[in-house]
Amino acid sequence: MSQQSRHVVVTGAAGLVGSAIARTLRAAGCSVVGVDRLPSPDTSVVADLRDPAAWSRALSGAEAVVHTAALHAPHVGVRPDEEFREINVGATRDLLDASSAAGVRRFVYTSSTSVYGYALEPVDEAVWVTEDVACRPRDIYDETKLAAEDLVLSAAGAMSTVCLRIARCFPEPPAVQARHRLYRGVDIADVTEAHLLAVLGPHEAAGVLNIAGPYPWRVEDRGQLRHDPAALITRRAPEVAAGFGRHGWALPTSIDRVYVSARARAVLGYRPRHGVTALMAEARTAG
Ligand SMILES: NC(=O)c1ccc[n+]([C@@H]2O[C@H](COP(=O)([O-])OP(=O)(O)OC[C@H]3O[C@@H](n4cnc5c(N)ncnc54)[C@H](O)[C@@H]3O)[C@@H](O)[C@H]2O)c1
């Protein structure tokens with residue numbers, strides 16, 4: 001897609017991920033229409049996605065759609081399962097139909113590494129989570145995100161569609177965030193960069209792609225990651241072990257999975273930059 005005045009619709013524009021993507025796309029020269037049921041500085045159209053009449057005109061002339069709006073892991077057990085199905089699955093179906101009818105060329109769906117579900121539970125070594133690991137949803141969130149992925153993938157044809165399974169990027173206390181940044185977390189800046197590549201990159205990405213990292217591990221590290229990650233971290237990345245010590249953060253005693261973004265690297269040119277080392281440097285500056 002050319003860099004000139006692209007019109008991109010971002011759903012969930014009032015949320016953590018959607019607002020960051022909307023701002024990044026604007027900074028890249030796109031004309032962004034943010035849709036959300038909540039007003040915010042990045043919401044242009046306040047509408048519930050379950051009501052297509054309220055938002056479908058926003059798609060007129062759009063070249064790409066980034067669909068981040070969803071009920072999310074923190075809503076599990078708080079909001080009825082039926083609402084998860086309506087928003088995460090039903091509204092995604094309506095959005096795909098309307099996007100296809102409006103002549104949208106790229107549809108980027110923000111999915112989650114959570115869809116791997118029970119497959120993330122290790123037996124005797126850390127799970128090496130590539131996209132080839134079969135998903136085994138644990139809850140209504142996983143189930144509906146995976147059902148939406150199926151719809152998105154089935155809609156590929158007239159428009160290109162891709163599902164970005166993003167790792168955890170919630171704001172969390174620095175010690176927790178640092179531990180997560182070793183194997184299951186990702187910085188919001190790397191998440192937005194992946195979406196930018198999917199919308200504007202020269203290649204139309206397809207299928208599902210993990211968006212995580214960067215992590216310093218190799219597949220042969222799985223056993224030690226599970227049983228003695230501190231020794232491995234100290235040997236492989238002594239500056240990281242020293243940084244944890246300086247901050248008074250405990251190193252993990254066991255690592256259960258590692259999200260692998262090699263496919264996104266190959267397909268999108270995804271190069272995450274904000275790993276644990278960057279996080280520690282930021283914490284040092286802030287402190
Ligand atoms: N934050 C993370 O760590 C993380 C990790 C993996 C995947 N994700 C995925 O990223 C996406 C965004 O997550 P987030 O952290 O920004 O969540 P968020 O709750 O901050 O944002 C979601 C936005 O969607 C909007 N929304 C929900 N239902 C809607 C509806 N019916 N109509 C219109 N708008 C609606 C909400 O108002 C909210 O602004 C979600 O699809 C989530 O599954 C997030």
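We use all heavy atoms of the structure for the numbers below, so side chains are in, but hydrogens, waters and symmetry mates are not. Counting convention: from 1, in listed order, for ligands and their atoms alike. Every value quoted in this text rests on a predicted model; they were computed, and no experiment measured them.
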Inset, instruction - Could you name the protein residues that come within less than 4.0 Å of ligand 1, counting only heavy atoms, and order them by chain and residue number? - result: Gly12, Ala14, Gly15, Leu16, Val17, Asp36, Arg37, Leu38, Ala47, Asp48, Leu49, Thr68, Ala69, Ala70, His72, Ile87, Thr110, Ser111, Ser112, Tyr141, Lys145, Ile166, Ala167, Arg168, Cys169, Phe170
Inset, instruction - Please work out whether the ring planes of His72 and Tyr141 are parallel, tilted or perpendicular, with thresholds of 30° and 60°. - result: tilted
Legend entry - Connected hydrophobic set around Val208, excluding itself, where side chains approach under 4.5 Å: Leu153
Inset, instruction - With sequence neighbours excluded, tell me which residues meet ring pair (Phe, Tyr, Trp, His ring centres under 6.0 Å) with Trp128. - result: none
Legend entry - Short side-chain donor-acceptor distance under 3.5 Å, Tyr116 and Arg257: no
Inset, instruction - Using a strict cut-off of less than 4.0 Å between a Lys/Arg side-chain nitrogen and an Asp/Glu carboxylate oxygen, indicate whether Arg184 and Asp256 qualify as a salt bridge. - result: no
Please set out all donor-acceptor pairs under 3.5 angstrom arising from side-chain atoms of residues 265-274, sequence neighbours excluded.
unit_1: Tyr270; atom_1: OH; unit_2: Ala212; atom_2: O; d: 2.9

